Amino acid sequence: MKNLNVIDNLRPLPINFYYQPTLDLARSLLGCILLKDSPEGIAAGIIVETEAYIGPGDMAAHSFQNRRTKRTEVMFGLPGYTYTYSMHTHCLFNVVSGNVNEPEAVLIRGIEPFYNEDLIASRRDNVKKSKDWTNGPGKLTKALGITMNDYGHLLTKKPLWIAEKRSSNFKIEAGPRIGIENSGEAKNYPWRFWISDNKFISR
DNA sequence: CTCGAGATAGTCT
DNA sequence: GACTATCTCGAGC
């Protein structure tokens, strides 16, 4: 078949992929493909930057001290679901990890455009440099069309899913997370992971 | 390219 | 009513 769509070669990761310790999951997600279907078509990117949040002992996590609210509810359930939350005008995308009553999650902070760059660019309006399309947690959700409507969606099926990585030929670096200055000890934990030398990391 | 200033809303106590 | 992180843009390098 001559015009085989690259997307057709990508299988969703099975649900058992999400049953691994959160720090392992944060590393495993690097290189995987995040896809979102919409009326405008499918857009996708390679995950290049993640952060682990391990409540209830992690001061930087929304689920710190088992704080269970309407917003954090999905984190208390099974892994493999979508946790979206809004930050001012932006929507941030997380993958729920940890089993029931283990409210943990992995925040996706950067992706590299992989499929349908035209759609990604148009959603990002006037931004001229391609490296600014998806190099931040709020930018990538806008680029893919991820919204609060995706809260609680299971990530093994459309319209929002994650596919296995196509290559493991990269180095992973780790360091402190971003934007959590007032989180006590937790601010020093090296729970941010990214692919070395990738230009779509957020900083 | 790097830096800093200004704009932006929703959640929870 | 306190708290918060991200994005954009423009200035200086």
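What you are looking at is a predicted structure, and each value in this text was computed from that prediction instead of being measured. Quick note on labels: first sequence line is chain A, next is B, and so on, each numbered from 1.
Between A/H62 and A/Y53, a ring centre-to-centre spacing not shorter than 6.0 Å is recorded.
Considering only the side chain of A/T69, B/dC12 comes nearest among C/dC7, B/dC12, B/dA9. The listed nucleotides are B/dT13, C/dT6, B/dA9; the one nearest the side chain of A/T89 is B/dA9. Listed candidates were C/dT6, B/dC1, C/dT8. Nearest to the side chain of A/R124 is C/dT8. If you check C/dT6, B/dA9, C/dA5 against the side chain of A/M87, the one that comes closest is C/dA5.
DNA chain B is contacted by no residue of residues 106-117 of chain A, taking any non-hydrogen atom closer than 4.0 Å.
Side-chain nitrogen and oxygen atoms of A/R71 include at least one within less than 4.0 Å of the OP1 or OP2 phosphate oxygen of B/dC12. Between A/S86 and the phosphate of B/dA9, there is no side-chain N or O to OP1/OP2 separation shorter than 4.0 Å.
Ion pairing between A/E51 and A/R177 fails under the 4.0 Å rule for side-chain N and carboxylate O. A salt bridge does not link A/E112 with A/K199: every distance from a Lys NZ or Arg NE/NH1/NH2 to an Asp or Glu carboxylate oxygen is 4.0 Å or more.
At most 12 heavy atoms of other shown residues, nucleotides or ligands fall within 6.0 angstrom of atom NZ in A/K171. Within a 6.0 Å sphere centred on CG of A/D197, heavy atoms belonging to other residues, nucleotides or ligands number 12 at most.
Both geometric conditions, a ring-centre gap below 5.5 Å and a plane tilt below 30°, are not fulfilled together for A/H90 over the base of C/dT6.
In this structure, the CG atom of A/L92 is 7 Å from the P atom of C/dC7, given to the nearest Å. When the C1' atom of C/dT8 is taken as reference, atom CZ of A/R123 falls 20 Å away, rounded to whole Å. Nucleotide C/dT4 holds its P atom 13 Å from the OH atom of A/Y53, rounded to whole Å. In this structure, A/D125 atom CG and C/dC9 atom C1' are separated by 15 Å, rounded to whole Å. As a whole-Å value, the separation of A/L140 CG from C/dT6 P is 11 Å. Taking atom CZ of A/R177 as the reference point, atom C1' of C/dT4 lies 15 Å away to the nearest angstrom. Rounded to whole Å, the distance from NZ on A/K129 to P on C/dT8 is 11 Å. The interatomic distance linking A/H62 (NE2) with B/dT13 (C1') rounds to 15 Å, in whole Å.
Although no hydrogens or angles enter the test, the distance criterion places a donor-acceptor pair under 3.5 Å between the side chain of A/T82 and the main chain of A/H153.
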Which atom pairs, one a donor and one an acceptor, fall under 3.5 Å between side chains of residues 87-95 of chain A and the rest of the protein, sequence neighbours left out?
| unit_1 | atom_1 | unit_2 | atom_2 | d |
| --- | --- | --- | --- | --- |
| A/N94 | ND2 | A/Y83 | O | 3.2 |

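Residue-level contact check: A/K139 touches the backbone only, with heavy atoms under 4.0 Å from sugar-phosphate atoms and none from bases.
Checking A/Y85 against A/K142, the closest nucleotide of DNA chain C that is more toward the 5' end is the one next to A/Y85.
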